[in-house]
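Just below is one structure, and these are the notes that go with it.
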Amino acid sequence: MSNLRLFIGVALSPSLTERISPIMDRLASELPFRKWTHPEDLHVTLHFLGDTPEDRVEAVAKAMEDIAANTEPMDLRLTEPGTFGPPAAPRILWLGLTEPSRQGGLARLQAELAPKLAEAGCRLEDRPFRAHLTLARQGGAGCTRAAIAAAWQTAAPEAAAKPLEWTADRVTLFLSHLGKRPSYEKRREFPFRRS
């Protein structure tokens, strides 16, 4: 039986992906990160499951379906960029997230999924949850915080006037295809409860 490289996340809306794609192109022309996320792969990771036996997928899906059915849609807004890793050579360039109308919905969703996924036999990461949208990886010299802030001001001036936001209305089980672009396939989607 084969394993599938899986993770659970929240995808961006198509309209927001269209808005972010040219911003990323402008950032990529100014910041020397080696690997930029394909726009179709943009998402917010809730849980990385890694190599998962195929016969466990239905249990994972059932856990996701149960939690999604009791989760209300949430408004999410992207904020200014930040990095993970050493300031002189950051590993990851990301955009932060806020929830303008209801605070904590995304963190609550992530936390409620955890015990159900553990029951389904998944080994979850120990790292604390920090909601973000990964734009690029493997930064080198020239990827300082000051350079990133300056590039953001140039690349996304419209974000101040018209925030980069969307309503998340589903949770998605993604399948990762290493070495392909785009890399992530939406394997299953579970809509949130309608008010």
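Counting from 1, the numbers follow the sequence of the chain as shown. Note that the structure is a prediction, hence the values are computed from the model and not measured.
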If I compare all heavy atoms of [X] with all of [Y], which pair ends up nearest, and what's the gap?
X	Y	value
F33	A136	CB-CB, 3.6 Å
A131	L97	C-CD1, 3.8 Å
L31	W36	O-CZ2, 3.8 Å
A155	I23	O-CG1, 3.7 Å
P81	I148	CG-CG2, 3.7 Å
P90	C143	CG-O, 3.5 Å

Hydrophobic clusters here meaning ILVMFWY residues chained together by side-chain heavy-atom distances under 4.5 Å, can you tell me if [X] and [Y] are in one?
X	Y	answer
L113	L49	yes
F129	L95	yes
L135	F84	no
L4	F174	no

Mind checking what makes side-chain contact (heavy atoms from CB on, under 4.5 Å) contact with [X], not counting sequence neighbours?
X	result
T144	A146, A147
T134	T37, I92, H132, R137
E65	K62, F190
T79	T98

Validation row: [X], [Y] side chains within 4.5 angstrom (heavy atoms):
X	Y	answer
T172	H43	no
W166	L16	yes
R108	E112	yes
T167	M74	no
V171	F192	yes
L78	I20	yes
K186	L173	no
T45	V10	no

Residues R188, E58; criterion salt bridge (Lys or Arg N to Asp or Glu O under 4.0 Å); working and verdict: CA-CA 10 Å; R188 303 277 290 273; E58 283 309 312; 3.0 Å; yes
Worked verdict on M24 versus H38 for side chain to side chain contact (heavy atoms under 4.5 Å, CB included): CA-CA 9 Å; M24 289 177 67; H38 191 286; over 6 Å; no
Salt bridge (charged side-chain N to carboxylate O under 4.0 Å, His left out) involving R19 - partner list, sequence neighbours excluded: none
Proximity of Y184 and H177 rings by center, below 6.0 Å: no
Pair F7 and H47, ring centroids less than 6.0 Å apart: no
How far does [atom1] of [X] sit from [atom2] of [Y], to the nearest 0.5 angstrom?
X	Y	atom1	atom2	value
D51	S176	CG	OG	9.5 Å
R123	L117	CZ	CG	14.5 Å
L76	L164	CG	CG	12.5 Å
L27	T154	CG	OG1	9.0 Å
L46	I67	CG	CD1	11.5 Å
L109	M64	CG	CE	8.5 Å

Stepwise side chain to side chain contact (heavy atoms under 4.5 Å, CB included) check, E80 with W152: CA-CA 8 Å; E80 294 181 349; W152 178 252; 3.8 Å; yes
Working for side chain to side chain contact (heavy atoms under 4.5 Å, CB included), residues T52 and N3: CA-CA 5 Å; T52 305; N3 285 347; over 6 Å; no
Salt bridge (Lys or Arg N to Asp or Glu O under 4.0 Å) partners of residues 154-183, not counting sequence neighbours, each pair once: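 For residues 154-183, and leaving out neighbouring residues, the salt bridge (Lys or Arg N to Asp or Glu O under 4.0 Å) pairs sorted by first residue read R26-E158, R77-E165, D169-R194, R170-E189.
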R193 and T71: CA distance, side-chain angles, deciding distance, side chain to side chain contact (heavy atoms under 4.5 Å, CB included) verdict: CA-CA 6 Å; R193 179 180 69 209; T71 300; over 6 Å; no
Side chain S21, main chain T17, donor-acceptor under 3.5 Å: no
Check: D41 side chain, S183 main-chain N or O, donor-acceptor pair, under 3.5 Å: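 Side chain of D41 to backbone of S183: a pair is present.
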